[in-house]
Structure formats: structure tokens, C-alpha cells
Amino acid sequence: MIDGSLSHALEHVQSELLDKRLSGVLQRLIRGGPEQQAIEAGEIDAIIDYSDSNVILFPAARNALRTVAPGESGREPVANSLLAALTQQEYQRLAPSLESVTLPAEAVLHEPGEPIRFVFFPIDCVISLLPPTVGRRTLEVGLVGFDGMVGTSLALGVNVSSLRARVQIGGTALRVPQARFLSALQESQTLRHELNLYIYAELAAARQTAVCSSFHLIEQRVASRLLMTSARLRSDKFFVIQESLARVLGVRRESITQAAGELQRRRLITYSRGNLRILNRQGLEAASCRCY
Amino acid sequence: MNARRGKPEKAVNGSKAVAVLRLYVAGDAPNSVQAVLNIEAICRDDLGGACDLEIIDVLQHPQRAMAAGVVVTPTLNKDYPLPTAQVVGNLSDKLRVLLAIGIRSPEND
Ligand SMILES: [Zn+2]
């Protein structure tokens, strides 16, 4: 690995050489011609040197391409992982259809059996996926955060949801109308690829839920659920009431009170009136069943 | 970005006025991205899809650009219908692009 300052110095020398070359090629352009006019208007990214068929980038384009190069940091961060994986061009094409919406806690994005009208890319909210059940008790089979999307069945060609998508922790998300999402999916290989991986992970997590809810202890499950929420939210602090934890884990409220009390007694979390804070992540991981 | 070929679409009202356009870009550089968005909007909104658009990344295919007489990017070449025409820049001046393409928009017919 090249030392930071050295690589910076090399870059500087390189760009000076490029600038010298650039001015050489520029002098060969027709004075006042359309190319020169466009250059003066700042509308040109690169110029081709016919003497050796090299493409020389203008400084602004050079900087922009450097920041979008794969694996490079510096690109303006897109707050949802699936969208961040798109190339600049794919993202720019989708951007006009992305609508920022605020989702309040408990809001239902879609019910089982309903057509999916929008897909949602969460930014700082968390959405719970719940299959239909009879009565109040349910079992969460998925938790969608900044690294995912709500409405994945569309990508599989099914435009009706089999789940209830309910906002667990309120916040912002980017939503895209169903039709626009489907055309973006056709246009963007990256989006298809990323979604395939994500849907696979979602499926694996749902399968794990079956094991978790049948075999693991409630205290372990509560710890796992808190770690999962924290990961989806990128935060150690969040608001979650006991009733809601009981509902998504499919257990009684008293069991949650007991489990949370024990985690608190061991100083792994603090929990008061819904305000939860993870104090000792490693300890909480050890206390969990690691189903997250 | 790889060179990619847009699907040639049937012209409206059965007319065969399909414009063959080639846009030369430098990867995802800002003006290139802008030019792609602009020409795609023009093809869709003003030409009613009656255009065969190919986007060529000169970073990957400099020879193709040189063969087409392209000096800077972005550059849009209209290869058909004749006469050929060229517009350089990010294509934000829509009237200039339409004039160069030489096809009036369906709404103005
Ligand atoms: Zn478990």
C-alpha cells in the first residue's frame, strides 16, 4: 500500500503532466470553432489526442471520475446501500424518480395481498416485515434498513405483497413508483445484481427466524433483535417499546420485560420508557443467539 | 460504461424517420452523464422514440471516436438522415440539438 502523502505527490506530478499535454492539444483546436466554444462553456470532459489516440481528461472530469471509480471513497455518499452500489450514470437516471418521504413509526407501507405501488429504500428508518397471522400476535420475518429495500417481490416478478410492511422506527426513505422501479431494474444490471444478493440475504434471514423462534431463548432473541435493529439503523440508540418487541418476536410482553431487565442488570443496555441504548456491544453479542 | 445500443423504436404514425445518433462520452464524467440524460430525454419526448441511439465511451473505444472525427467529448453525431451533423457539449441547448438532428418534434408537425 502506498503511503498517503506519497500517492498524493505522485498524483500531483501526474496531473501536471496531463495539464501540459492538455494545453498542447488545445492549441491545435480551430480558434473559435464549436469545440473551443464548448470548452469555454465548461461543457467538455475530454479531448482526444489524434497523434497517439490518447484521451486526455479535463481536470474537473478527472476529479469526478476518480471519485466514482469502484472501491474509491469520495463519491457523494448515497444513504442507501443498494442505491450507492449503482454507477453514477445508473443513479442519475433513477434520481428524478426518487422521492424522499418521512415514514412515521407504525405506518403500514403495504398489507398482505395488496398490490405494491411503491418500493422504499430506507435511509434512517427501519421497517418490519410481518406475515399475516390471526389475532394480535405476529412474528417478524425481516427487518429492512439502509442496506435494503421494501418491495423486493417486484424484482421477482410478483407485484402483490405477501407481507405486511410496517415502520418499526420512523425516519426517512426514498420511494420509487412501481413502474419506474421495474424499468430501472431492466436498465441497470448493477441494481439487478445487488437486489439478487439482497433478496438472498433476506431469504436466509427469514429461514433463520424459523430456527430462532423455535429453539432460542427469549433473552437471546431480544439481544439479537436489538443488535439487528442497531445494525439496520447504524445507531446504538433507538426507540422501541416493549409491546412492539413482544409483537415482532411473537412472545408475551412480560417475557420482554424480564429479558430486557436481565440485559440491563448486566449493564449491556439501558432501557427506559422505550429509549434503548446499547452500552456493551460485545457483551450483547455474547448474550445473543447471533441470529442477525 | 460500455458502449450500449438503444433499441431502434418504430417511429410514430408509421413514418420511417428514425434518426441514427451516436453520442461519444468519457465514462461517467459530469458533462457526459448530462449529455446522456439530455439526449435520452430528447429521443423520448421530442422524437417520440424515433431514434437509434448508441453511446460510445471514448475511454474504451478511442479509435471509434477518431474514425468518426470526434475531437472532444461529449459529442453527438447524427449519421442519418443525411446530411450528417455534429453537436459538441453537454446538449443542454435542446433547440440546437433538434436543429442539428433536423427532425421536428411530433408536437410541432
Ligand atoms: Zn436466534
Side-chain angles (χ1 to χ4, degrees), chain A residues 18 22 25-30 32-70 72 74-76 86-97 183-184 186-190, chain B residues 1-7 23-41 43-45 49 53 55-78 84-94 96-97 99-100:
Chain A
L18 276 170
L22 187 57
V25 181
L26 284 174
Q27 278 165 12
R28 277 178 253 150
L29 286 178
I30 301 163
E35 284 89 2
Q36 208 173 59
Q37 282 179 22
I39 287 167
E40 277 162 17
E43 292 189 14
I44 296 302
D45 291 325
I47 185 162
I48 301 169
D49 187 347
Y50 273 53
S51 67
D52 58 3
S53 65
N54 252 309
V55 179
I56 307 159
L57 290 165
F58 278 60
R62 209 147 64 216
N63 289 335
L65 286 179
R66 188 158 47 218
T67 60
V68 299
E72 290 263 10
R75 171 181 171 179
E76 189 188 328
L86 301 181
T87 65
Q88 188 89 340
Q89 227 154 349
E90 289 169 330
Y91 181 74
Q92 297 240 9
R93 200 167 302 154
L94 186 60
S97 315
S183 59
Q186 294 227 313
E187 288 162 8
S188 166
Q189 201 188 341
T190 321
Chain B
M1 283 272 99
N2 291 317
R4 163 168 79 69
R5 178 170 275 277
K7 254 193 221 134
L23 178 62
Y24 296 83
V25 297
D28 289 341
N31 284 304
S32 295
V33 171
Q34 205 53 54
V36 170
L37 293 173
N38 285 334
I39 193 61
E40 283 184 345
C43 281
R44 186 183 60 233
D45 303 339
L53 172 67
I55 295 159
I56 296 135
D57 185 352
V58 304
L59 298 176
Q60 290 180 25
H61 308 282
Q63 304 291 348
R64 285 198 61 185
M66 288 166 68
V70 170
V71 182
V72 296
T73 65
T75 286
L76 177 73
N77 276 7
K78 180 198 71 165
T84 62
Q86 192 170 71
V87 184
V88 293
N90 62 20
L91 311 182
S92 50
D93 186 347
K94 187 163 129 178
R96 216 173 86 209
V97 177
L99 210 66

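Keep in mind the model is a prediction, meaning the values are calculated, not measured.
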Chain B heavy atoms under 4.5 Å from A:A41: which part of the residue, side chain, backbone, both or neither? neither
Could you pull out the closest heavy-atom pair between A:A38 and B:V88, with the gap in Å? CB-CG2, 3.8 Å
Measuring from A:Q89:CD to B:D57:CG, what's the distance to the nearest 0.5 Å? 8.0 Å
In terms of heavy-atom contacts, A:E43 and B:G89 come closest through OE1-CA, 3.3 Å
Exam field: side chain A:Q88 to backbone B:D28, donor-acceptor pair closer than 3.5 Å: no
Given A:E35, which of B:V70, B:V72, B:T75 fulfils the side-chain contact (heavy atoms from CB on, under 4.5 Å) condition? B:V72
Whether the A:D45 and B:S32 side chains hold a donor-acceptor pair (N or O, under 3.5 Å, no angle test) is what I'd like checked. yes
Report the C-alpha distance between A:R93 and B:V36 in whole Å, list the side-chain angles of each, state the deciding distance to 0.1 Å, and finish with yes or no for side chain to side chain contact (heavy atoms under 4.5 Å, CB included). CA-CA 9 Å; A:R93 200 167 302 154; B:V36 170; 3.9 Å; yes
Can you tell me how far apart CG (B:N90) and CD1 (A:I44) are? Round to the nearest 0.5 Å. 8.0 Å
